[in-house]
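First comes the structure, then the notes that go with it.
Start at 1 and go down the list; that is how both ligands and their atoms are numbered.
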Amino acid sequence: MNAPLEDSLTPQIRVEDDRTGLSITTLRSALADNLFYIQGKFPGTATKNDYYMALAYTVRDRLLQRWLNTTQTYRKNVKVVCYLSAEFLIGPQLVNNLINLGIYAKIRQAVEESGLSLQELIEQEEEPGLGNGGLGRLAACYLDSLSTLEIPAIGYGIRYEFGIFDQEIRDGWQVEITDKWLQYGNPWEIARPEEYVEVKFGGRSEHYYDEKGNYRVRWIPDRVVKGVPYDTPILGYQVNTANTLRLWKAEAIESFDFQAFNIGDYYGAVDAKIVSENLTKILYPNDEVIQGKELRLQQQYFFVSCALQDMIRLLLSTEVSLETFHQQFAVQLNDTHPAIGVAELMRLLVDEHRIDWDKAWHITQNTFAFTNHTLLPEALEKWPIELFGRLLPRHLEIIYEINQRFLDRVRMKYPRDLGKLSRLSLIDESGERYVRMANLACVGSHAINGVAELHTELLKKTVLKDFYEFFPEKFANVTNGVTPRRWMVLSNPRLTRLITEKIGDRWITHLDDLRKLETLADDASFRQQWRQIKQETKGDLAAYIRKKLDIIVDPKSLFDIQVKRIHEYKRQHLNVLHVITFYNRLKHDRDLDITPRTFIFGGKAAPGYFMAKLIIKLIVSVANIVNNDPDVRDRMKVVFIPDFNVTLGQRIYPAADLSEQISTAGKEASGTGNMKFALNGALTIGTLDGANVEIREEVGAENFFLFGLTTEEVYGLKARGYRPFDYYNQNAELKAVIDLISSGFFSHGDVDLFKPLIDNLLYRDDYMLLADYQSYIDTQEKVSQAYRDRENWTRMSILNVARMGKFSSDRSIREYAQKIWKVEPVPVELLQLCPGGQ
Ligand code: 8GP
């Protein structure tokens, strides 16, 4: 990869000393030193990974001044945003740090002069897969923007030893492989064992009177686990700010239970250690469904308690009163996973720091804000009371107390409305009793937001309706965004250079500047350059596909791409229905003048989600037939790219002509892949769902391929009684497609293989694929026609990019900062330079 931009070291971010100088000679000797002193290798025996590590340390050394100075700056009474998230899908760090530091070209030169290939070293990096999909990646984009905007922030989460599984495809089926991302070490993190905290579990609470005769409660746990922080610097783009991502690892308090050991029970002695360390072993690989496992609740409580204790310690170290906690910290709950924080902060304030309840409640409510990321009812977290009380007995009491006070207010406002009362209650008492985490988050926060306009409106009308009616002032929308640094500068260096040549580089931090490209859409030679770049980028992806999968695809064909988690609501199988329709049309008329297409899919299925795994099997089965059929060859290809992750996304988004955003209206909260594609010049085929609505508004209806039912139509049709079988019966082309799958054509004659999928479509079709089929097919035909007019397609592509300014995560973060967190930028000055500095 070429440097996306000329290195641009602004004078104020230049930090040089003997050790961290930026001359090519210094960089080369730093690389050699790190190889020897850190990796302990001579060049002759060093592996590529040793070189990668040496390089990563070379770069990290050049971050440290900014990082430590940032931490120092925040000690001085500034309000800090704490983003609490069970997932941070930050992606590979090396190139991002090179770009943000502005030293990409220098490093490349130093690496090459050392006889190495930068690209090869870059490919050594294991990405930290500490998230499932959209929610975790959003957290990572937000960290990037927080630093770039110089807003003091800490990301708090879990240092999973095993992140999201690696996906392999064997015989068409997904196979999950453990993600051992830490096995060769992680050069980007620094452990801070001296800053450990203790987290309690189980036991009971004890009520007593203190020395002054005040009634108090203390928690007598039956188990204590140590939380050890591991810090990763998150450097902003060409600023001094390097915020911290602080991830917690669970450890045993004592490695051995010596009593057990002394009586000869060696296994029992090690047991406690294993049990404690299990806590942060693995990320739950479910996207949008809850599994309700005890270990998951333990993970949630563990990291939230670590985070809140850490904040309190930070605050107390500055000698500021704990009663100003909410003025010092704005804590964002990334979905309900950290919602237990509401009860934990109350416990810390009331039980441990002896602040009275009302004051503590004021602090708590003014500290927290809550983002909801999904409307799917199966994703609403709730915990059985029995489990909850066994693990967190004191928190259950606190939740009962919060609930009682809250329901008293509800009763005042709605006397005799028992329905309201039971729906708003923090406890679900309709059958087995549960703690409802969304209700806890809503009551304990001062702000609640959805992640796109439509989503926020639907929240107010559906899942959070009662809360909206009760606290309308708490609700706000903040539409998601993505960072242009990773999703353009890093992943699309060619387009970055072209755009920068034409409009300068301010767009990288002020994405609205892309508007200046609008007039260039009418410039034929610019269009030619634009097309050329897309062609080359598609060529790169084609080469990757050939190398990895031994499938030859034509970079001149239309690249039609759907990459995201596999889920029925996202409707990858609707895309497959189109693939087969396309195939049937070609088979019927071998001379059909069709626009050649390459259909590309990628995404992981939750390991226990049978239907999602069957969808992958269907895609791969269809690919095998189509790709080997001489009748259609060269006019269509189908590819499933295994192991979709951030690294692969960086290759894939820039190579798309068409972005598939085809969820059932009302189901996709926002989507962020839709933004990454459009930012890289793909046109979208999509429903009026999530942020698609706003993307279409921005780019213009004429530059967007809209199809399908609206949310209201979906609700209406459901209410009237939806009968998918009628659609099948009345649509010959659809029937032919479904019958072809059922016949065993794609499954070596096995008529049972895809039966669960087909039966589901014909008799349930919860996500209304059959209702949207015809509209989708017709719109795909329009896409094919439009692609034939390359000049106009290119024009539309340029206009899409030009109008993507709104979807920068910088805009989202500014909105959170103003509307919700009430925080201001705090620029960092490099005051204390050490060692070797002045
Ligand atoms: C996702 C939404 O599905 C997606 O539309 C949105 O863009 C993204 O969040 C960021 O806001 N939701 C999740 O990933 C999600 O709910 N995951 C939780 C179960 C882990």
Assert yes or no for the condition that the ring centre distance of [X] to [Y] is strictly below 6.0 Å.
X	Y	value
Tyr776	Phe707	yes
Phe475	Phe467	no
Trp248	Phe302	no

How close does the nearest protein non-hydrogen atom get to [atom], and which residue and atom is it?
atom	result
atom 18 (C) of ligand 1	Glu288 N, 3.7 Å
atom 4 (C) of ligand 1	Glu668 OE2, 3.4 Å
atom 2 (C) of ligand 1	His373 O, 3.4 Å
atom 16 (O) of ligand 1	Thr374 CG2, 3.7 Å

> Should the pair Lys281-Glu161 be classified as a salt bridge under the 4.0 Å nitrogen-to-oxygen rule?
Replying inline: yes
Using a 4.0 Å heavy-atom threshold (strictly under), name the region of [X] that reaches ligand 1: side chain, backbone, both or neither.
X	value
Asn132	neither
His337	side chain
Leu135	both

>> Can you give me the closest heavy-atom contact between Ala339 and Met437, atom names plus distance?
In response: CB-O, 3.8 Å
> If you take all heavy atoms of Met804 and Val699, which pair is closest and at what distance?
Replying inline: SD-CG1, 4.4 Å
With heavy atoms of [X] as the reference, note each atom of ligand 1 found under 4.0 Å away.
X	value
Tyr569	3 (O)
Asn480	6 (C), 7 (O), 10 (C), 11 (O)
Ala669	5 (O)

> Heavy-atom count around Lys180 NZ within 6.0 Å, excluding the residue itself: above 12?
Replying inline: no
>> Is it the case that over 12 heavy atoms from other parts of the model lie below 6.0 angstrom from the CD atom of Glu712?
In response: no
> Among Gly673, Gly671, Gly134, which one has a heavy atom closest to atom 6 (C) of ligand 1?
Replying inline: Gly671
> Do any nitrogen or oxygen atoms of Glu87 lie less than 3.5 angstrom from nitrogen or oxygen atoms of ligand 1?
Replying inline: no
